[in-house]
Amino acid sequence: MAIDRINWDNLRLFLAVVRAQSAQEAARRMEVDHSTITRRLHRLEKELGAQLFERTPAGHLLTTAGQRLLEHVERMESSMVLVGEDIGGDSHMLTGHVRLGATEGFGSFFLAPHLSHFCDRHPGIQVELLIVPRFINLSQREADLAVNIERPQRSGQVCSKLTDYRLRLYASRSYLQGRPPIRQLQDLAAHRFFGYVEELVFSQELRYLTSIMPGAPMSLRSTSVVAQYNAVREGRGLAVLPCFMAAQCADLEPVLPHEVDVLRTFWLAAPADRRELARVRALWDYLRELVERNQPFLLGDAPGWQRV
């Protein structure tokens, strides 16, 4: 197959279908006819001599050949963006979309309030915050960069320690006033807890309650730390929560803070090719500046955060 036979616009349409997971949705996003997308995909498959998609009721699923092509096309896309940024120079305002993946608690309670200030600093950049109670799959291009609770082990990624953060055992004042006093770890046996659904915990880093109190009586389990936080606020039990979450509810108090003191780490990662995009670098640098200024807050040593 001669390389000059490939229509590069067809590759762009291929990428759109992959990301939309259907030709119909890709056509809607690109404001072209569905028949145009379908016709040009068939033409691309003919040019390459390979089937790229399995057409199913659930959408367009990549074949093995399509997956290999996707890797090449995404590298091409990143290279073209880098060319534009390099030729454009620093005099041009940073523009484009950046998708940031984050864990649920950190994304909702810490990042979301601050990202509007990043948008003020870079009005040409549109930030998409992807918050999920699981790991972000950077190799599948779910995001341009991500904050994880474990150090990524995949090759092809740039990874850096973002910050340590502290978790403690919390309860509401109303709960503590109406229950047996808690003066030592053994007293916890008379109380009930909220925690994760054990078989659905996506990281060993979240199994801190087991080490604090094995067999703790759980009246509510959830895959969501935000759900656990809201249950504690209602005064119905105790839960281990990040200090940066608990600090935002004046009714929550740490329980046995010297005995229950859990330290964990957030890691910042991005695919190596995406990390070099100017808009991704700008958000990367902002996040590092943000957590450096807020180390005391993230470690539970300050009552509130500082803006950057």
Q. Is the CD atom of Glu31 crowded by more than 12 outside heavy atoms at less than 6.0 Å?
A. no
Q) Can you tell me how far CZ of Phe53 sits from CG of Leu61, rounded to the nearest 0.5 angstrom? A) 9.5 Å
Q. Would you say Leu167 and Arg264 make side-chain contact, with heavy atoms under 4.5 Å?
A. yes
Q.
Is it the case that the side chain of Asp187 and the backbone of Gln184 share a donor-acceptor pair, with hydrogens and angles ignored and the cut-off at 3.5 Å?
A. yes
(Q) Can you list everything that forms a side chain to side chain donor-acceptor pair (under 3.5 Å) with Glu198? Sequence neighbours excluded, please. (A) Arg207
Q) Are Arg166 and Asp261 close enough, and set up right, to give a salt bridge (charged side-chain N to carboxylate O under 4.0 Å, His left out), and what steps lead you there? A) CA-CA 7 Å; Arg166 178 166 278 114; Asp261 188 344; 2.5 Å; yes
Q | Sidechain-backbone polar pair: Glu142 side chain, Asn137 backbone, donor-acceptor under 3.5 Å | A | yes
Q: Report yes or no: does His34 contribute a side-chain atom to a donor-acceptor pair with the main-chain N or O of Ala26 at less than 3.5 Å?
A: no
Q | Heavy atoms of other groups near Arg236 CZ, more than 12 under 6.0 Å | A | no
**Q.** Distance (rounded to the nearest 0.5 Å) between Asp164 CG and Leu263 CG
**A.** 4.5 Å
Q) With a 4.0 Å cut-off, would you call Glu45 and Arg40 a salt bridge? A) no
Q: Please check if atom CD in Glu292 has more than 12 non-hydrogen atoms from other residues, nucleotides or ligands closer than 6.0 Å.
A: no
Q. Between Thr36 and Val32, is there a donor-acceptor pair closer than 3.5 Å when you use the side chain of the first and the backbone of the second?
A. no
**Q.** Under the ring-ring contact (aromatic ring centres under 6.0 Å, His included) test, residues paired with Tyr208 that sit two or more places apart
**A.** none
Q. How far apart are the closest heavy atoms of Cys159 and Trp267, and which atoms are they?
A. SG-CE3, 4.0 Å
Q: Indicate if Leu15 and Ile37 have the same hydrophobic cluster label, given that clusters are the connected sets of ILVMFWY residues with side-chain heavy-atom separations under 4.5 angstrom.
A: yes
Q. What's the spacing between Leu287 CG and Phe110 CZ if we round to 0.5 Å?
A. 9.0 Å
Q. Are Phe244 and Phe297 near enough that their ring centres are under 6.0 Å apart?
A. no
Q: Work out which heavy atom in Arg288 is nearest to a heavy atom in Lys161; give both atom names and the distance.
A: NH1-O, 2.9 Å
Q) Given the rule in the salt bridge (charged side-chain N to carboxylate O under 4.0 Å, His left out) test, do Arg29 and Glu25 qualify, once you have shown the distances and angles that lead to the verdict? A) CA-CA 6 Å; Arg29 294 181 185 181; Glu25 176 61 18; 3.0 Å; yes
**Q.** Straight-line distance of Leu100 CG to Phe118 CZ, nearest 0.5 Å
**A.** 9.5 Å
Q | Leu62 backbone acceptor or donor facing Glu54 side chain under 3.5 Å | A | no
Q: Could you check if a side-chain atom of His191 sits within less than 4.5 angstrom of a side-chain atom of Leu176, using non-hydrogen atoms only?
A: no
**Q.** Beyond-backbone contact of Val260 with Leu185, side-chain heavy atoms, under 4.5 angstrom
**A.** yes
Q) Any side-chain heavy atom of Phe106 sitting closer than 4.5 Å to one from Pro242? A) no
(Q) Between Thr265 and Tyr165, is there a side-chain heavy-atom distance shorter than 4.5 Å? (A) no
Q. Using a distance-only test with no angle check, is there a side-chain donor-acceptor pair under 3.5 angstrom linking Glu234 and Ser172?
A. no
Q.
Distance alone, cut at 3.5 Å: any donor-acceptor contact between the side chains of Ser203 and Glu150?
A. yes
Identify each donor-acceptor pair in which a side-chain atom of residues 298-307 lies under 3.5 Å from a protein atom, sequence neighbours left out, and give them as a table.
{"unit_1": "Arg307", "atom_1": "NE", "unit_2": "His117", "atom_2": "NE2", "d": "3.4"}

(Q) I'd like to know if the side chain of Ser174 and the backbone of Gly235 have a donor-acceptor N/O pair within less than 3.5 Å. (A) no
Q: Can you measure from CG (Leu238) to CG (Leu252) and round to the nearest 0.5 angstrom?
A: 10.5 Å
Q) Which heavy-atom pair separates Phe194 from Ser219 by the least distance, and what is that distance? A) CE2-OG, 3.2 Å
Q. Any side-chain donor-acceptor pair under 3.5 Å between Tyr286 and His122?
A. no
Q. Which pairs with one or both residues in residues 106-115 pass salt bridge (Lys or Arg N to Asp or Glu O under 4.0 Å), sequence neighbours excluded?
A. none
**Q.** Contacts of Thr64 that satisfy side-chain contact (heavy atoms from CB on, under 4.5 Å) - sequence neighbours left out
**A.** Arg68
Q. Nearest 0.5 Å, what's the CG-CD distance between Asn148 and Glu205?
A. 11.5 Å
Q: State, with a plain yes or no, whether a side-chain heavy atom of Leu220 is found less than 4.5 Å away from one of Phe193.
A: no
Q: Using modelled atom types only, decide if a donor and an acceptor are shared between the side chain of Arg274 and the backbone of Leu145 within a distance under 3.5 Å.
A: no
Q) Is it true that a side-chain atom of Glu289 and a backbone atom of Val308 form a donor plus acceptor pair closer than 3.5 Å? A) no
(Q) Could you check whether any side-chain N or O of Thr103 sits under 3.5 Å from a backbone N or O of Gly105, counting only pairs where one atom can act as donor and the other as acceptor? (A) no
Q) Apart from Ile136 itself, what residues make up its hydrophobic cluster, given side-chain heavy atom links below 4.5 Å? A) Leu130, Val132, Leu138
Q: State, yes or no, whether a side-chain contact exists between Cys249 and Tyr170 at a heavy-atom distance under 4.5 Å.
A: no
Q) Would a distance-only check, ignoring hydrogens and angles, find a side-chain to backbone donor-acceptor pair under 3.5 Å from Arg99 to Asp144? A) no
